[in-house]
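The sequence lines fix the lettering, A, B, ..., with proteins before strands; numbering per chain opens at 1. Just so you know, these numbers come straight off a predicted model, no measurement behind them. Heavy atoms only: backbone and side chains are in, while hydrogens, waters and symmetry mates are out.
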Protein chains: 2
Amino acid sequence: MTGVKQRKDAISIAGLALHLGLSEGTISRALNNYPDIAEKTRKRVRDAANELGYQPSSTARRLARGVVETVGFVLPSRRDHLSDPFLSEILDGLAAELAMSGWDLLLAAVPDGQDEVEVMDRLVRSGKIGAFAVTRVKRSDPRVDYLRTAGVPFVVHGRTSKHSDYSWLDVDNEKAFVDAVNFLIGLGHKNIALLGGDLKMNFAWQRREGFQKAMSDAGLETPPDYIVDGISDGMGALEAMATLLALPSRPTAVVCVTDAVAIGAIHAIQKAGLKAGHDVSVVGYDGLPMGRATEPALTTMSQASYEAGREVARMLLEAVRQKNIKSLNKEIPQILWEAKLTLRASANPPVSNPANKSHREETKK
Amino acid sequence: MTGVKQRKDAISIAGLALHLGLSEGTISRALNNYPDIAEKTRKRVRDAANELGYQPSSTARRLARGVVETVGFVLPSRRDHLSDPFLSEILDGLAAELAMSGWDLLLAAVPDGQDEVEVMDRLVRSGKIGAFAVTRVKRSDPRVDYLRTAGVPFVVHGRTSKHSDYSWLDVDNEKAFVDAVNFLIGLGHKNIALLGGDLKMNFAWQRREGFQKAMSDAGLETPPDYIVDGISDGMGALEAMATLLALPSRPTAVVCVTDAVAIGAIHAIQKAGLKAGHDVSVVGYDGLPMGRATEPALTTMSQASYEAGREVARMLLEAVRQKNIKSLNKEIPQILWEAKLTLRASANPPVSNPANKSHREETKK
DNA sequence: TTGTATGCGTTATCAT
DNA sequence: ATGATAACGCATACAA
């Protein structure tokens, strides 16, 4: 498949030179703000460029300078990314921030029969990209392993279990779930369950860790039945919550790995003839818009995906700069953001065991 | 901001030539399957290329061939795209299909203070892209107006109100809503309301048209109160549905412009102490995964966004081919897909007015 | 302050 | 069947 002729009617630097009676070199330097160009000439060139709609060929510029101002983003292979509601938000943030520095964002899918690393490697070797952004990392992630050795600047949104030697932006998922559980404990809950996600995903693992930490720090028992892993969508949540509700001693509250799971849980509770936020409290994570429209509205932890995308882009640009300077003091920015709790109606004191303020105090460490 | 040195350790065609004792030209032709290369040589070159991991510089190739095998996609400006759950699906489909032909997908955001057309124009003039894909079009859409005159191949997912002269793939939204309404009528409903969307968006307009057509074809009244426009999320749905339920004569069924709206409606019904799917039937549109986990599970119309992305990519590639051939018989592929109804639990015969089979037959035209 | 010349890594058009 | 050589459009070192 052959592409389309580039820039149909586009004017090149040669055309501009002709038009102005200047040499191509002068035009180039004028437009790139070289100090050795007369202000008057620069203005003349600028004006003509604007007037004629001159836009330097990105391709030629890349070839001449040997640089590629493009960030690659490999879409999670289809079988994995069971509806990430925030993918487009992150991409939006990435693209927006990159655009401010004239960088582009290249999206790549993984064809059947290939894996993500192959795709990334081809992108690098063909010179299509100069840096990578990676999201939704597993605890052990081949993409990160590859990038560690590839010599391409990259920033990870999230982190792997071993994460000391590369740059990442993550949310403190563990703390988020510690906070969520402590919030419920503060309300008076003792029988708290977890609807957890795929433990290969690090965010799910971290959230589970936070759950367990908070429970054990508070000296609360967690029966094995109360921890359900591997839930990835509302349907899974529906079943898991039904099972939880059928337990001889059912929980008075559930913390859910995502809002999608939490909303499924809410419906399971309703289906069982109980009232979410009354008989069973529910806390989610994500801040999905829909959580405001559920009945009851969903109490949830949240992070700003769009902002995360922007920050990752900034880190990426900085990583590229560092690399070019070949500075010896290796700066490896690692940023941990906190999720914040959005109080709504789905979490309240347990009916049989009203909030116990003093107890709450005790569990705060 | 300066980019990263391209392809650190990458081997170039010159290196390969040296390694093999052949000229660069021969290597190039061998790898590009020119017929005038000895099979034996071709194999030798291929093997060496594989072994050394040679990958032609995409940049140099573009410059030499004057073609850009990259599709541009401008993200809807942030204020508009109130959570399009399918954006990432479409992008995924686009990228996947494009990759099969060696094409790339470039994502661009719209910086503050600029509009989408400016961004698109710059992408074209800088030679970064050779074609465009556009989604979520308004009835009158400046992006389409621009592309019509820009000379760049493009395909629209959806269509504007005037759409005879460009290539698009759309779902027959009108028919979808005719079907949805007829389905409800078949169940015995007569008092059917519409929770509609932003009428500037063509899909919302089309769905509304379908609703009205089906109602009037069936000879059913639709009080003005029964049609609510401009709902874009679950929150809006919550309020609108509450208003609908407070009406002296409340509807026995509502058709919703999206699943997000439908789910909001379900919760409003529940909040009002009624039962969705019993007191009020609800039909959505989108086939959101979460619709399977609501209580009751959501009856909805759906289309496959991923597949749509792939099809748009195919049409794009074909448009590029047509343009290169400069064929005189202008093929303008326009494809209309049908949404299919997914029966679940949220739509049933009205309680006070059980299904009337004969009536259903009558309304089928 | 400006012009000239070379190179970036390919492809494509000539020769040979 | 293969090897020179000239573009492609720009950036930059070096002259002037």
Let me know the distance between NZ of K128(A) and P of dG9(C), rounded to the nearest Å. 17 Å

Give a yes-or-no answer on whether the side chains of T70(A) and R62(A) include a donor-acceptor pair shorter than 3.5 Å. yes

Just call it for G15(B): base, sugar-phosphate, or nothing, with non-hydrogen atoms closer than 4.0 Å on any strand. nothing

note: L22(B), atom CG; dG3(D), atom P; distance rounded to Å ~ 5 Å

Rounded to whole Å, the CZ-C1' distance (R65(B) to dG9(C)) equals 13 Å

Side-chain N or O of T41(A) versus OP1/OP2 of dT2(C): is the shortest distance under 4.0 Å? yes

For the side chain of S23(A), starting at C-beta, report the closest nucleotide among dG3(C), dT10(C), dT1(C). dG3(C)

With the side chain of A60(B) defined as its heavy atoms from C-beta on, choose the nearest nucleotide among dT10(C), dA12(C), dA1(D). dT10(C)

To the nearest Å, give me how far apart CZ (R62(A)) and P (dC8(C)) are. 19 Å

Checking W168(A) against H163(A) for the ring-ring contact (aromatic ring centres under 6.0 Å, His included) test, could you report, in this order, the C-alpha distance in whole Å, the side-chain angles of both residues, the deciding distance, and whether it holds? CA-CA 8 Å; W168(A) 48 260; H163(A) 52 255; 5.4 Å; yes

Under 4.0 angstrom between S57(B) side-chain N/O and dG9(C) OP1 or OP2: no

The side chain of N32(A) lies closest to which of these nucleotides: dA11(D), dC10(D), dA1(D)? dA11(D)

Distance, rounded to the nearest Å, where R44(A) contributes CZ and dT1(C) contributes P: 15 Å

Is the phosphate of dG3(C), meaning OP1 or OP2, less than 4.0 Å from a side-chain N or O of Y34(A)? no

Taking atom types as modelled and ignoring hydrogens, do the side chains of Q334(B) and R159(B) form a donor-acceptor contact shorter than 3.5 angstrom? no

Exam field: side chain D121(A) to backbone V117(A), donor-acceptor pair closer than 3.5 Å: no

Should S12(A) be listed as having a side-chain N or O under 4.0 Å from OP1 or OP2 of dG9(D)? no

Could you work out which one of dA1(D), dG7(C), dA12(C) sits closest to the side chain of A64(A)? dG7(C)

Here the distance between atom P of dG9(C) and atom CZ of R61(A), to the nearest Å, is 18 Å

R125(B) CZ to dG9(D) C1', straight-line distance once rounded to whole Å: 16 Å

Closest to side chain of T26(B), choosing from dT11(C), dT2(D), dT2(C): dT2(D)

Looking at dG3(C), dT11(C), dA12(C), which one has an atom nearest to any side-chain atom of R29(A)? dG3(C)

Donor-acceptor side-chain pairing of T160(B) and Y166(B) below 3.5 angstrom: yes

What is the distance, to the nearest angstrom, from the CD1 atom on I27(A) to the P atom on dT2(C)? 11 Å

